2 protein chains.
Amino acid sequence: MAFEGKDERTRNVRVEDVAREAGVSPITVSRTLSNPDLVKPETRERVLQAVEKTGYIVNTFASSLRSGRSSLIAMFVSNIENQHVARATRGCADALENSGFHLMMAHTNYSARLEADFVGSVLPLRPAALVFTGIVQAETTRSMIRSRGMAVMEMWDHVDDPMDMLVGFSNVEGGRLMGEHLGASGFRNVAYVGRTNTAGNERLAGFREGLAAAGTEIGFLAPMDGHEPVLIDGAQALRTVMKRFPQCDAIFFSSEILAVGASLEASRLGVIDRIAIAGYGDSPIAEALPVPLTTVHVSSYEMGFRAGKMLLKHLSGETVREKVVILPNELRIRRSTARRSHN
Amino acid sequence: MAFEGKDERTRNVRVEDVAREAGVSPITVSRTLSNPDLVKPETRERVLQAVEKTGYIVNTFASSLRSGRSSLIAMFVSNIENQHVARATRGCADALENSGFHLMMAHTNYSARLEADFVGSVLPLRPAALVFTGIVQAETTRSMIRSRGMAVMEMWDHVDDPMDMLVGFSNVEGGRLMGEHLGASGFRNVAYVGRTNTAGNERLAGFREGLAAAGTEIGFLAPMDGHEPVLIDGAQALRTVMKRFPQCDAIFFSSEILAVGASLEASRLGVIDRIAIAGYGDSPIAEALPVPLTTVHVSSYEMGFRAGKMLLKHLSGETVREKVVILPNELRIRRSTARRSHN
DNA sequence: ATGAAAGCGCTAACAG
DNA sequence: CTGTTAGCGCTTTCAT
């Protein structure tokens, strides 16, 4: 037999092969690649040449198995088609660039069940950390994660009991800013359209506070707690409000896409100068609309980026002192809520 | 000493522990979990109970190392903030759901250098496949991939020499459909605004063909080959065209966001009824604009989904007969290109 | 249907 | 600064 063991051509190149080529031991090859400072320059040079010559690529399965370290970070994304989520995801990915970590991505579609399924399916890969574009909902998921003692990063909302690290926004504050603005601008027949649960509920509560500070309150409330809203829902909602609350002079939509849809519809119906419209999120189109949209600016990219950096710091062994970061909301006042002459 | 070896509380649960608990050998535990049919029902039951009791979770590093199989798929995303890319990514993720594969994501930001870097950084993880939301540009990257013999899926464009599998669209066809439509509608002073390289160049070539079929041609060409375009660029481009090509009666934008920006600007300037505007991509907002936008519909979600399914089929060992799929483009004719009275 | 032995490829721990 | 030994946890292969 000409061959011992496997066919030479299909066998992977291993540290051993590189070591032989360079005339050193396997561990020296390993050190050269992961901790070059521990190796004498000349040796290092020889090893690197041997690596080059053999085309060696380390096998992460073996190295992670032995070292107990994982370069994988599991990211749970609610809905990547949502622009804010996409931006946050990108921010996080950018923060992790060149860190040696790799991002795995799973879509939860806002479902606690899918989230739990994915967490379970990812545990065998021993991720170094779990990142969520939201708050971990199910208690069973939380305890499953806790029992494994992995780093956890939650994002988006501001909650009092994050699992570990959190970078988010205060929806209450955002809502309040908008309430104060509309109240101070003299609007007195104000409608709220949007979610009334989770984050929506907080925006609503803040909005009420803000209006109250100006001595007014919500005159009409249209809850939209079903599917993830689309543009056309905003147009529809505008018509509903006009019909059921004819004296309406301002509408606060808890989601930007609804506000954009309503704004376009209002332009089309010629009522854009009669009804103030405000959104939440500040998408690029807000500023480009025929009547630019007043909205609460949310820095989703920065949120993701800071979450990524904080995680990296934590994973590198440094103590993260501020484990919860609440980024400020900023009101972007544009023409859609300009004071009307008849107020 | 009360302890042998590691502290019992920190040691991972291994197959061995489950085996002891169930009174079987480690390999039976392994088989129960990955190939239950080979195990007698009663034994299986006992093993599963032992798994439950011990909280055992398989270690993928060990199992992949031994078996040589990887559950990782590396996906290279040009820009997740682009709605089409996001949709394609989601389609692909959905296709892979419950397949046992895990998606790793890297941003290439349309950069061949970053793409090459990431491919290199991912090889140690021995991914089962590489997926690109585009065509692999650099020849060195191509050969690096080929030498490792991994499954490759490219997407988006239609090229003659894909690395292996491809799901894409014909940009030439999309451009031609639009050219034919504008030509047949009687527009005779037509401008093209957008990319003139890669995909843009194909759309442009097709557009020219389509116009020629109606006996006309491009009257003004505004190349935009710099940064990824944003809404405001479309507004800017509209003004440029109006100034430099005053007789213009129709503009084809090779990218949807430019068309949307131009449409909104045209509404604002009151010229929306004088200049036809057409886009490429069909974003949700196209239909909701004050003057709904004529555009080429691109089924990005379906593209991603089919790519994912095809990959899965290939990875399961089935022969994929059609390795290249070109999805049809569909013209969505809306009011923005309605025939003008003065034509 | 189940088990014993071996080894995937690497690096921690210790030794020199 | 470099090497030796051992073992991370699993599943392949072969045996029964």
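Below, chains carry the letters A, B, ... as their sequence lines are ordered, and counting in each starts from 1. This is a predicted model, so every value here is computed, not measured.
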| R14(B) and N59(B): side-chain donor and acceptor closer than 3.5 Å? | no
| query | Heavy-atom count around E228(B) CD within 6.0 Å, excluding the residue itself: above 12? | reply | yes
| said: Would you say that M163(B) contacts L130(B) through its side chain, given a criterion of any heavy-atom pair below 4.5 Å between the two side chains? | reply: no
| said: Rounded to whole Å, please give me the gap between CZ in R14(A) and P in dC10(C). | reply: 8 Å
| request: Could you tell me whether a side-chain N or O of S70(A) sits under 3.5 Å from a main-chain N or O of R126(A), the two making a donor and an acceptor? | output: yes
| request: For R46(A) and dC1(D), give me the distance from atom CZ to atom P, rounded to whole Å. | output: 14 Å
| field | Contacting residues from residues 57-67 of chain B, given that a heavy atom lies under 4.0 angstrom of DNA chain C | value | L65(B), R66(B)
| task | Please work out if T43(A) contacts a base, only the sugar-phosphate, or nothing of the nucleic acid, heavy-atom cut-off 4.0 Å. | result | sugar-phosphate
| query | Does any N or O in the side chain of H107(A) come within less than 3.5 Å of the main-chain N or O of E97(B), such that one atom is a donor and the other an acceptor? | reply | no
| query | Looking across every strand, which nucleic acid part, if any, lies under 4.0 Å from R69(A) by heavy atom: base, sugar-phosphate, or nothing? | reply | sugar-phosphate
| Angle class for the W156(B)/H84(B) ring planes (parallel below 30°, perpendicular above 60°, tilted otherwise)? | perpendicular
| For the helix from dA1(C)-dT16(D) to dG16(C)-dC1(D), what angle lies between the axis at the first five pairs and the axis at the last five pairs, to 10 degrees? | 20°
| message | For V136(A), is there any backbone N or O sitting under 3.5 Å from a side-chain donor or acceptor partner on R142(A)? | response | yes
| said: Please report the distance, rounded to the nearest Å, between CD in E16(B) and P in dA4(C). | reply: 12 Å
| query | To the nearest angstrom, how far is N35(B) atom CG from dC10(D) atom C1'? | reply | 15 Å
| task | Any chance you could lay out the side-chain contact (heavy atoms from CB on, under 4.5 Å) test for L72(A) and V122(A), step after step, and finish with the verdict? | result | CA-CA 10 Å; L72(A) 295 170; V122(A) 138; over 6 Å; no
| field | Between dT2(D) (P) and L38(A) (CG): distance, integer Å | value | 10 Å
| said: When you measure from the side-chain N and O atoms of N12(A) to the phosphate of dC8(C), is any distance below 4.0 Å, counting only OP1 and OP2? | reply: no
| message | What I want to find out is whether R146(A) reaches E139(A) closely enough, with some N-O distance under 4.0 Å, to be called a salt bridge. | response | yes
| task | Applying side-chain contact (heavy atoms from CB on, under 4.5 Å), run through N109(A) and R90(B) and close with a yes or a no. | result | CA-CA 10 Å; N109(A) 204 24; R90(B) 173 141 196 203; 3.0 Å; yes
| request: Residues of residues 26-33 of chain B with any non-hydrogen atom less than 4.0 angstrom from an atom of DNA chain D: list those, numerically ordered, please. | output: I27(B), S30(B)
| field | Pair E42(A) + R46(A): basic N to acidic O under 4.0 Å | value | no
